[in-house]
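Working notes, structure below.
Just so you know, ligand 1 is whichever comes first in the structure, and atom 1 is the first atom listed for that ligand. FYI, the numbering just counts along the sequence from 1. This one's a predicted model, so the numbers in the text were calculated from it and none came from an experiment.
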Amino acid sequence: MSPIDTLSRTESEKTAVQVAENITHLVPYSPGKPVAEVERELGITGIIKLASNENSLGPSPKAVEAMHQFALKMHIYPDARSFELSNALASALEVDPACVVLGNGSDDIIHLLGITFLEPGDEVIQAHPSFVRYEAAAILNNAPCHMVPLTSDWIHDLEAMAAKVNANTRLIFITNPNNPTGTIVSQEALDRFFECVPERAVVVIDEAYYEYAANREGYPETLRYVREGRNVVVLRTFSKAYGLAGLRVGYGIMPPDIANWLNHTREPFNVNLMAQEAALAALSDTEHVDKTVEMNEAGKQMLYRTFEEMGLGYTPTFANFIWFDSGKNSRAVFQALLHEGVIIRTGDIFGAPSHLRVTVGTDAENAKFVNALKKVLPLL
Ligand SMILES: Cc1ncc(COP(=O)(O)O)c(C=O)c1O
């Protein structure tokens with residue numbers, strides 16, 4: 001061994017990275033597999049991705065137009081308070097602008113809630129399976145996260161969640177519609193839940209898929225809890241129905257004192273200028289959102305019919321994805337679909353080994369998925 005080798009080994013041992021204990025429990029987020037990666041790995045083209053609940057219609061054309069216009073302004077910093085966008089959201093939602101906090105995606109707000117509210121000894125409650133970033137916020141802040149199983153119908157079990165509440169409970173996450181199952185909780189269930197929750201706990205209602213559910217019967221109105229002055233944060237995003245996932249704009253609506261503290265903890269320029277302008281334009285593009293929701297409704301019905309014909313169980317959805325039971329190993333189904341140029345999500349990461357989650361796409365994408373599924377399932 002040369003002196004150089006010896007030196008480098010000793011040096012790397014000396015500098016072995018020591019991270020905080022809680023960080024070693026973090027599982028890096030596993031995003032939907034990118035199209036370019038599958039193209040590289042399998043050498044095929046024409047791949048479709050129905051794995052990340054994106055909007056297959058693309059961004060709002062008004063947002064695209066705004067981005068072209070504002071490209072020439074990229075040498076200036078964004079407005080740190082996202083003044084215009086916050087005000088536009090506040091007036092659309094009929095809340096005070098002081099109730100709105102913008103984030104680099106709603107992920108950012110989840111992160112901010114963790115660092116703002118959690119101290120060692122505090123506890124978090126979430127449903128399982130549900131969105132994985134809540135647990136990450138808990139781990140980052142040394143707070144245990146209680147995972148409360150969904151009911152057998154894949155719905156949040158709010159009674160069981162309420163039973164987990166104690167004096168240390170600080171954050172409670174309710175995902176409505178839930179990801180990955182597309183199910184919702186009712187207004188009555190939420191009202192009953194709030195009767196059991198102490199003031200000290202902040203209840204976060206994650207409505208990332210709000211636009212798909214808003215006009216459906218049974219979907220609760222939750223901003224009223226904020227207006228009533230409860231410690232409630234409602235999360236929404238421009239990533240899903242508005243088709244702006246790549247830009248990263250999400251927001252929370254909450255009582256002004258909570259908003260004030262999140263404004264202390266967030267990065268000053270957490271929403272970039274292009275994102276602020278595009279989101280502002282997208283907000284006025286109701287035509288694009290309506291078209292998106294319409295496409296989703298038609299796609300859902302077609303996929304339901306297919307699952308029924310194939311004898312596969314599925315969960316009726318309030319969002320733009322469907323949770324279905326392939327009856328086979330979900331990893332094997334996922335791999336076989338990849339070879340057919342279709343990327344979806346396995347359920348095993350959510351603890352459901354034969355389930356998968358597919359995003360509802362355009363007619364052509366849905367048809368490609370259905371043909372691929374019909375081809376691969378009998379072979380597995
Ligand atoms: C339930 C839920 N919440 C939050 C997010 C994060 O969305 P974004 O950070 O893009 O706003 C997602 C994204 O998939 C989600 O499914």
For Tyr304 and Tyr314, I'd like to know if the aromatic rings sit close, meaning centre-to-centre distance below 6.0 Å.
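Here the rings of Tyr314 and Tyr304 have centres that are less than 6.0 Å from each other.
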Linking Ile, Leu, Val, Met, Phe, Trp and Tyr through side-chain heavy atoms less than 4.5 Å apart, which residues share a cluster with Met295?
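ILVMFWY cluster around Met295 also holds Leu57.
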Salt-bridge present ([X], [Y]; N to O < 4.0 Å):
X	Y	value
Glu199	Arg230	no
Glu211	Lys240	no
Glu65	Lys62	no
Lys374	Glu309	yes

Regarding [atom]: of the candidates [options], which has the closest heavy atom?
atom	options	result
atom 9 (O) of ligand 1	Arg248, His111, Arg133	Arg248
atom 1 (C) of ligand 1	Ile109, Asn178, Thr175	Thr175
atom 2 (C) of ligand 1	Val249, Leu244, Asp206	Asp206

Suppose we measure from atom 5 (C) of ligand 1 to each protein heavy atom; which comes out shortest, and what is that distance?
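Residue, atom and distance for the closest contact: Phe131 CZ, 3.4 Å.
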What residue and heavy atom of the protein are closest to atom 13 (C) of ligand 1, and at what distance?
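Of the protein heavy atoms, Lys240 NZ, 3.3 Å lies nearest.
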Does some side-chain heavy atom of Val376 sit less than 4.5 Å from a side-chain heavy atom of His339?
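Counting from C-beta outward, His339 and Val376 never come under 4.5 Å.
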Can you find a non-hydrogen atom of Gly250 under 4.0 Å from ligand 1?
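Heavy atoms of Gly250 never come under 4.0 Å of ligand 1.
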Please confirm whether Phe238 approaches ligand 1 to less than 4.0 Å, judged on its heavy atoms.
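Checking ligand 1 against Phe238, which is what was asked, there is no heavy-atom contact under 4.0 Å.
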Side chain, backbone, both or neither: which applies to Ser106 and ligand 1 if a contact is any heavy-atom pair less than 4.0 Å apart?
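Both of them.
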Counting from 1, what ligand 1 atoms have a heavy atom of [X] closer than 4.0 Å?
X	value
Asn179	1 (C), 15 (C), 16 (O)
Ser239	8 (P), 10 (O), 11 (O)
Asp107	6 (C), 9 (O)

Taking salt bridge (charged side-chain N to carboxylate O under 4.0 Å, His left out) as the definition, give me every residue that meets it alongside Asp348, ordered by chain and number, with sequence neighbours left out.
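Residues passing salt bridge (charged side-chain N to carboxylate O under 4.0 Å, His left out) with Asp348: Arg331.
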